[in-house]
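Heads up: numbering here begins at 1 and tracks the sequence.
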Amino acid sequence: GNNGERGILIVTNLRLIWTSAKSARTNLSIGFNCISSVNIRQVQSKLLRGNSHALFAMTRFNSTRFEFIFTSLVKNSPR
């Protein structure tokens, strides 16, 4: 997908929405019923050259499973 692309992640009670900072036409919307699990893990970031936190969203649609990874690009951020 859009590995390393900056964007804005919005989480509501109905869906998870990601929009690219470059182009609003590049976006992702995942409905609440499609989300199987959400985890936060510490990962090694190539862009930050160190450790960072990432949100892992496991989703499913019909019989297909998807995994989306959102990494915080702000150093020393508690989010």
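Here SG of C34 is found 8.5 Å from CZ of R15. Values are rounded to the nearest 0.5 Å. Of the inter-residue distances, the one linking S20 atom OG with R25 atom CZ reads 12.0 Å to the nearest 0.5 angstrom. Atom CD of E67 is separated from atom OG of S37 by 8.5 Å, given to the nearest 0.5 angstrom.
More than 12 heavy atoms of other residues, nucleotides or ligands lie within 6.0 Å of CD1 in I69, so this atom counts as buried by the packing criterion.
Using a 4.5 Å cut-off on side-chain heavy atoms (C-beta onward), F70 and L16 make contact. In this structure the side chain of W18 reaches within 4.5 angstrom of the side chain of T26, judged on heavy atoms. Counting heavy atoms from C-beta outward, L28 and F68 have side chains that approach closer than 4.5 Å. Under the 4.5 Å side-chain criterion, counting only non-hydrogen atoms from C-beta, I17 is not in contact with N27.
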Name every donor-acceptor pair, under 3.5 Å, that has one atom in a side chain of residues 54-64 and the other anywhere in the protein, sequence neighbours excluded.
residue : atom : partner : partner atom : Å
T59     : OG1  : F66     : O            : 3.2
R60     : NH1  : N33     : O            : 3.3

